[in-house]
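As structure tokens, the structure follows; a few thoughts come after it.
Note: hydrogens, waters and symmetry copies are ignored here, and every other heavy atom, side chains too, is used. We name chains A, B, ... by the order of the sequence lines, and we start the count at 1 in each one.
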Amino acid sequence: MSRIGVFTCHCGENIGATVDCAKVAEMCKDIPGVAYSVDYKYMCSDPGQRMMQEAIKEHKLDGVVVAACSPRMHEPTFRRAVANAGVNPYMCEMANLREHCSWVHEKGEATTHKAADLIRVLVEKIKHNEPLFPIKVPVTRTAMVIGGGVGGIQVALDIANGGHKVVLVEKSPSIGGHMSQLSETFPTLDCSQCILTPRMVEAAQHPNITLMTYSEVEKVDGFIGNFKVTVRKKARKLDEKLCTGCGLCIQKCPNKKISDEFNEGLGTRTAIYVPFPQAVPNKPVIDTLNCTFYKTGKCKVCEKLCPTGAIRFEQEDELVTLDIGAIVLATGFKLMKTDVFPEYGYGKSKDIIDGMQFERLASASGPTSGVMKRPSDGKEPETVVFIACSGSRDRSKGVPYCSKICCMYTAKHAMLYKHKVHSGKAYVFYMDIRAAGKDYDEFVRRAIEEDDVKYIRGRVSKIYEEDGKLVVMGADTLMGGEPVEIRADMVVLATAVQSNEGSEELAQTLHVSYDTYGFFAEAHPKLRPVETNTAGIFLAGACQAPRDIPETVAQASGAAAKVVGLFSNDELTREPIVAVVNRLPAPAYSHCVGCFLCLSACPYQAIEQEEIKSRSGEVIKTLARINPGLCQGCGTCVATCRTKAIDLQGFSNEQIYAELMTL
Amino acid sequence: MAEPFEPKITAFVCNWCTYAGADLTGTSRIKYQSNVRVLRVPCTGRIDYMMVLKALHKGADGIIVSGCHPNDCHYTSGNYHARRRWMVFKKMMEVMGVDMRRITFSWVSAAEGARWAQLVNEVTDQVRALGPYSEFRQIVGAGIE
Amino acid sequence: MRIGYYPGCSLLGSSREFDESTRAVLKALGVELEQVPDWNCCGASSAHILNHELSLALPARILALAEQAGLTEILAPCAACSNRLLSAQQELEKHPELKAAIEKAIEMPYQGTVKIVNILEVLDRLKDRIAEKVKAPFTKHVASYYGCLLVRPPRVVNFDRPEDPQSMDLLLKAVGATPVEWPFKTECCGAAFSVTRTDIVAKLSGKLVKDAVNRGADAIVVACPMCHSNLDLRRAEINDYLQKEYAIPAMFITQVIGLALGLDPRDLGLHRHMVPVEFTETAGVQS
Amino acid sequence: MEALKQRAIELLEKGEVKAVLGYAKGTGQARRAFFARQPGQVDKLVLDEACTQNLAAYATKHEVKKLGRVAIVAPPATQRALIQLMAERQLRDGDLAILAVDEGAIKELGSAAALEEHLALKAQGLDAKDKTLLAKLDAMSREDRWAYWQNEFSRCMKCYACRNSCPMCYCEHCTMDCNRPQWVPVASHSIGNLEYHMVRTMHLAGRCVECGDCGRACPVGIPVHLLTISAEETVHELFGQRAGAKAKLDYALSTFKTDDKESFIR
């Protein structure tokens, strides 16, 4: 027989004025199993808690119902108090006499009866409560950051400076990401390379950071604090330890006409190459698709010339498995290509370029050394048209969302162009100018007012070539829809920001959710913006949604703080409100029949398969098992299970049934 | 003279939205009728239809099932799963001839204190007008209690 | 092959040659046309601007008549007609209550089962047969001009690529012509202003004529009576506006195919054009 | 029939299967399940209009699984049940040789993929009698429907024949056997019967292959199959999917779409 104590709180006048607390306490004495019932002015006060603790000891209580305010308010308080009196904290439940009764009903018999009812229900529940213990999960204090752009670098540095090990995985040969491709950055127009390169070097030299460039995540197992991540180190065809980065191989490589990804196809590179001069690490890779040796079996010029003998033609990809405690995704974005717009000629014209290509044209380290030359014939463009929202906010052909960064970088592009070609004319076609950010609107105003960039509010319906010019046909909607025709030398499309190549596959590998457009989904759009639904996996930057640099960096530091917080303990402590699959002696083993229809009901991928094996190792039965490290305790699987093999601790079938049968 | 009929209303609510919304009703001191008894579960996803059946079994005249609005689920998708379950459950109950005017599904967020009061009042009034769910009580009476 | 035929008003009036050439070409290709009996106006231009119910009732009556005649498919060569018929059919399918009201108005049952096709769709089906039967390849540079109604709005007409259609180009290639790359395939000709604002037509269609010539076209090929009127009937205004005598003819796709099949230019109504089609007599012979 | 017998003998003789599960003559006009374990027993197999039982219900039994690979005579509903059992991981791909019977024609299907493809070609239709009854129920007032089922259930004695005949009711521990807590009263009184049938219906929504065996199994003639069939039809109407079509997990009630209709929610 249970020995339950009921403690009814007046909450001063808050409950006491509407509910006859003394009467409630009296009525509760008659509930079977209640060994003690008392009312008190303020249960949550120190004397109130002390009184409760003494009563627990004196009356040898094994369960407590505190009838006071909302459990969302004081449940932790009272559970702590109960624990201090030597009773398992999960043997304490709260009846909500204040928010759900005294504050919302009129004083009277019915309200007092309702108060007693609320208590009665929980007394019955408590009879079925089990002592629960916090779940402890050990934590491996090494983080993995996937993506080595500015976001990933920031996360890695912040975690490393917090004293924890970080593995920074980047799929291309160098860290730096898109930011390393930019010429200048808005709204300050400071050189992108100049501010990024020191960070790249810092990351490379940090004792707590291990760089894994030219590497990709292949497989992720485990759960928060205990991931096992398999990384594919793609073969650079080079012994990185021997290579000094002298660059002789690059100079002498005979194959020099390969389209250069870093320059967005506007320049060329060799078959053995580093993506850009400031690359970190400054070690080349061999592009085996274009290398003469891999194509014809002859050449090996680089191998002959390498002073340290570092070239390894026979080198193969390597798989490395790492123990990781937390993962941060910072895989960035890609731009929509210019060839998806039929009205703009499918990008057939070389002089219709995207924003990133313009960055390379404007960059001092770019293919034109920063001199404005249009790609088709190298002439200085006299008139340039910039088209914002190319593909963004376009339900019919593009993506419905706003790409967020284009308003700003288009203003920047127009300014950069005007700074380089003083006599040139710059036009911007836009839908709305979204320049919400510190110094952002001022920046756009500067482009319009000081640099004389002509902003035309309207869409461009068509671009066609005529006599060596690009005829841009549009409308000026602020002039009553007046058609506008501009004969331009170059057109820059601010194409939509899209989720990066392979992000859906990566999301599936990591079991994180993603939206229709392949952007990773945050756990809560407002309150948990840097977390994913999978515990221990966090987000930074444009892999979640279009983001600019300051936002990416801020979010990166946020994600890093989450990781450092997670790593501040040896063990993770989690509320034991988790689902459990029942276990029985052989031959049943469990009520679970292994239909796994619950699998897709779990928002957290916490349901695993567990094989029951005989002594000879033969699988007798396959059961569902719920990983307590991943389960968040929603109970959706419990309601899905036909055999009632799954139950939720703290809200078990027996507890709820008992409550229902008391109503 | 028999006492006027007061319906018994059972509400199943999720901890994070509707329960919190009902807390807000309290902190806002918005009054509503006291017929309802609230049963708290973590998520609408946890609400097994067995619970609704048992509530009817125990003589509930009206039932409220409520949780987070779509997209707002604390557990991301528990409410979406619940919604599907209710869609099928509702149709099954209709086929069985259960009076579905007595079961109300709703979304009440943690910010909708006034809406909770309104919902409870509406359901209470509606069920009071319908009278006791005697059809169901009869068959319970026919069993051995 | 037998197919229903809805000529519409244009094909009996200003664009008789479109009707003549369509009949002649399809006959040569072994297609039988069965005219929808007692057909009426499709409601283009006026009805669909002024009265929504009428804009549905008129096409619905045509389609209901076609249903009664046991037709499963009708060809509406005029782009405006086919556009109106399709729009009405789709709207009535989406709104059963409207359908009931319209059935009452036209005093006929309406099911909406008749498939509406434009001339390019029909010719496209016959492409292999056309290629086989070519007697005098039309070895000209042509600017294929689709106009707006054939491909827009895409969700209604659901035909070809709305920004950069290809079907006419492919047909023209099949009869030996070389379509020029030009940007104005679907640019506005000034359609409805043909009578009221010839100045606008001159400006808009003038752009088309000038560009087609600049890109080396010998003919502009169309599949819409309005396009044709503006490019042909209004050539004088166009030339006045452009201050230059442009002699490039505007031809219906059916006329081009007809010539290639070796049909008599008179049967194709080529003599009816304002801008003479100079190379007709020798078409296929000269290079 | 001859083709079936011939194939059955071959399978048994070559040792490809340990038994052929088919139909044999039962009492009177009835047909019963029959395991032919020797080529000589194959002659007892029959295949006619009266062979209605869904033999898939046997496929998940321990005793049958212990035999090893078994061939099973499978009319369309049985085929659907088998693929659904694979989706629910109760049968493994290749565990069975499926002798698909469609209007007399026999086709042997060895894998889930073959079965899936075979099923994709077929439209699933309801029995005319069931359709009429469902329409009749649909047309009733709610009160009449309640009265109808209460009247039907009044004959129910909870013999669980409907459950045991069902190929999808393979759980070793049924909710009905659940006593901590005792969700559904054991006794066959009104509330116990009602709750039993409600729970059975909900458990089969999205899983019912619409074979109708539960209704045929009922010794007192309650059309219990209409409940699960109408639930399955609801699932089809709402979510556009049916059980017994795919060998991969695709359970309507543990998946969702963010735009599922919710007009009933206020």
Quiz item: What part of A/Asn653 is in contact with chain B, defined as an atom under 4.5 angstrom from a non-hydrogen atom: side chain, backbone, both or neither?
Solution: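 Both the backbone and the side chain of A/Asn653 come within 4.5 Å of chain B.
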Quiz item: Side chain, backbone, both or neither: which part of A/Ser513 has an atom under 4.5 Å from a heavy atom of chain B?
Solution: neither
Given the options [options], which has more heavy-atom pairs under 4.5 Å with chain B than any of the others?
options	value
A/Asn14, A/Thr636, A/Asp117	A/Thr636
A/Leu122, A/Val638, A/Leu527	A/Val638
A/Leu648, A/Thr111, A/Thr662	A/Leu648
A/Glu106, A/His524, A/Arg98, A/Met73	A/Glu106
A/Glu99, A/Lys114, A/His113	A/Lys114
A/Pro71, A/Ala523, A/Ala521, A/Pro603	A/Pro71

Quiz item: Under 3.5 Å, is there a donor-acceptor pair between the A/Tyr90 and A/Glu575 side chains?
Solution: yes
Quiz prompt | Short side-chain donor-acceptor distance under 3.5 Å, B/Asn15 and B/Arg40 | solution =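 There is such a pair between these side chains.
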With a 4.0 Å cut-off on N to O distance, would you call [X] and [Y] a salt bridge?
X	Y	answer
B/Asp61	B/Arg128	no
A/Glu109	A/Lys23	yes
B/Lys90	B/Glu94	yes

So, the side chain of [X] versus the backbone of [Y]: is there a donor-acceptor pair under 3.5 Å, distance only?
X	Y	answer
A/Thr534	A/His511	yes
B/Thr104	B/Ile64	no
A/Ser503	A/Gly518	yes

Quick check on the interface: out of [options], who has the most heavy-atom pairs with chain A under 4.5 Å?
options	result
B/Lys8, B/Arg37, B/Arg85, B/Met51	B/Arg37
B/Gly59, B/Ala22, B/Gly78	B/Ala22
B/Cys14, B/Ala55, B/Ala20, B/Ser77	B/Ala20

Is chain A contacted by the side chain of [X], its backbone, both, or neither, given a heavy-atom distance below 4.5 Å?
X	answer
B/Ala82	neither
B/Glu6	neither
B/Tyr80	neither
B/Ser34	both
B/Leu24	neither
B/Val120	neither

Exercise. Just say parallel, tilted or perpendicular for the rings of B/His74 and B/Trp16, cut-offs at 30° and 60°.
Key: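 The arrangement is parallel - the two ring planes meet at less than 30°.
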Practice problem: Could you check whether the rings of A/His74 and A/Phe78 sit parallel, tilted or perpendicular, using 30° and 60° as the cut-offs? | Solution: perpendicular
Practice problem: Could you please spell out the steps behind the side chain to side chain donor-acceptor pair (under 3.5 Å) verdict for B/Asn79 and B/Asn71? | Solution: CA-CA 8 Å; B/Asn79 58 349; B/Asn71 239 339; over 6 Å; no
